[in-house]
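Scroll down for the structure; my scribbles are underneath it.
Residue numbers begin at 1 in each chain, while the letters A, B, ... track the order of the sequences.
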Number of protein chains: 2
Amino acid sequence: MDPAIICPRFEKAMSLMSQRWTGLVIYQLLTGPKRFCTLESSMGISGRVLSERLKDLENQGIVKRDVYPETPVRIEYSLTDKGAALQPIMKEIETWSQTWLEPEPNQ
Amino acid sequence: MDPAIICPRFEKAMSLMSQRWTGLVIYQLLTGPKRFCTLESSMGISGRVLSERLKDLENQGIVKRDVYPETPVRIEYSLTDKGAALQPIMKEIETWSQTWLEPEPNQ
DNA sequence: ATAATTACTTACTATAAGTAACTAACTTTT
DNA sequence: AAAAGTTAGTTACTTATAGTAAGTAATTAT
């Protein structure tokens, strides 16, 4: 008894987007490459989880990691084509949020 | 030091979509009203969490709960206008998944 | 009277995320 | 030369979230 079979590709995409922080990391990278410490401080994510997420996203071919052997070393994270193709999703989330959510949620 | 300030409305929408199962629940409801047991069995969600999610979504005005005092009682969950407006997001996730994910993920 | 159905809730366990201190490689300051 | 600072993490531990399985309430069927 399976009333509605869900496309496994859609389900996989949804479980990606449903991971805590993943969407925000991608959103930040849409404006260009970012360093670890920049991502860490711009959203409220902990280093432990950011490290985990970036590794996952790299393994999925969504994020690219570039090492610049400067001093101190600079490591930049950026979106691959696969990652950049997530932009329309972010755009729609933005549109929805501006239409349906109030500007001042607290107080 | 706040290198990138994120719009609080966008952040709220993103944290909604980042909740495990929330996206799939909404996706299922896009095809019409559904009962608790139907949602429970069509995705792999546990009753405990489904109950929690539906309550949250109802409180946020995304889902509507209708009681039909038949026998046994029928309770249907459906999307409000605010909930139905999430469809473009789902559409974009679907498009992305079909372009960038492989049909057979395992093996 | 007993069993079945739906829509949950409750108690308990397992997994994921947060916190804070630590490491490695290198450089600047003292 | 030793101590402190920087970036990019990792590790050990705590807290929060999700999964599991059994229980409840209302009603009908057997």
- request: Kindly write out the residues that satisfy ring-ring contact (aromatic ring centres under 6.0 Å, His included) with F10(A), not counting sequence neighbours, or none if the list is empty.
  value: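 Counting only residues at least two positions away or on another chain, F10(A) forms a ring-ring contact (aromatic ring centres under 6.0 Å, His included) with Y27(B).
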- prompt: Are any side-chain N or O atoms of T80(B) and backbone N or O atoms of I62(B), one a donor and one an acceptor, separated by less than 3.5 Å?
  reply: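 Present.
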Can you list everything that forms a side-chain hydrogen bond (donor to acceptor under 3.5 Å, both in side chains) with [X]? Sequence neighbours excluded, please.
X      : answer
D66(B) : K64(B)
E52(A) : R48(A)
T31(A) : K34(A)
K82(B) : none

Got a sec, which residues hit side chain to side chain contact (heavy atoms under 4.5 Å, CB included) with [X], two or more places apart in sequence or on another chain?
X      : result
Q98(B) : R9(A), E94(B)
S18(B) : M14(B)
K55(B) : S51(B)

query: Which angle, to the nearest 10 degrees, lies between the helix axes at the two ends of the helix from dA1(C)-dT30(D) to dT30(C)-dA1(D), each defined by five pairs?
result: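 It comes to 20° between the two terminal axes.
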field: Side-chain N or O of R74(B) closer than 4.0 Å to phosphate OP1/OP2 of dT6(C)
entry: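 Checking R74(B) against dT6(C): no side-chain N or O falls below 4.0 Å of OP1 or OP2.
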All N/O contacts under 3.5 Å from nucleotides 27-29 of chain D to the protein, with atom names and distances to one decimal?
from    : atom 1 : to     : atom 2 : distance (Å)
dT27(D) : O3'    : T71(B) : OG1    : 3.2
dT28(D) : OP1    : T71(B) : OG1    : 3.4

- prompt: What string of B, S and - do you get for nucleotides 8-19 of chain C 5' to 3' if you count protein non-hydrogen atoms under 4.0 Å?
  reply: SSBB----SBBB
task: List in chain and number order the residues that pass salt bridge (Lys or Arg N to Asp or Glu O under 4.0 Å) with E76(A), two or more places apart in sequence or in another chain; answer none if no residue qualifies.
output: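 E76(A) satisfies salt bridge (Lys or Arg N to Asp or Glu O under 4.0 Å) with R74(A) only.
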query: Between dA8(D) atom C1' and L39(A) atom CG, what is the distance in whole Å?
result: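 Rounded to the whole Å, the gap is 12 Å.
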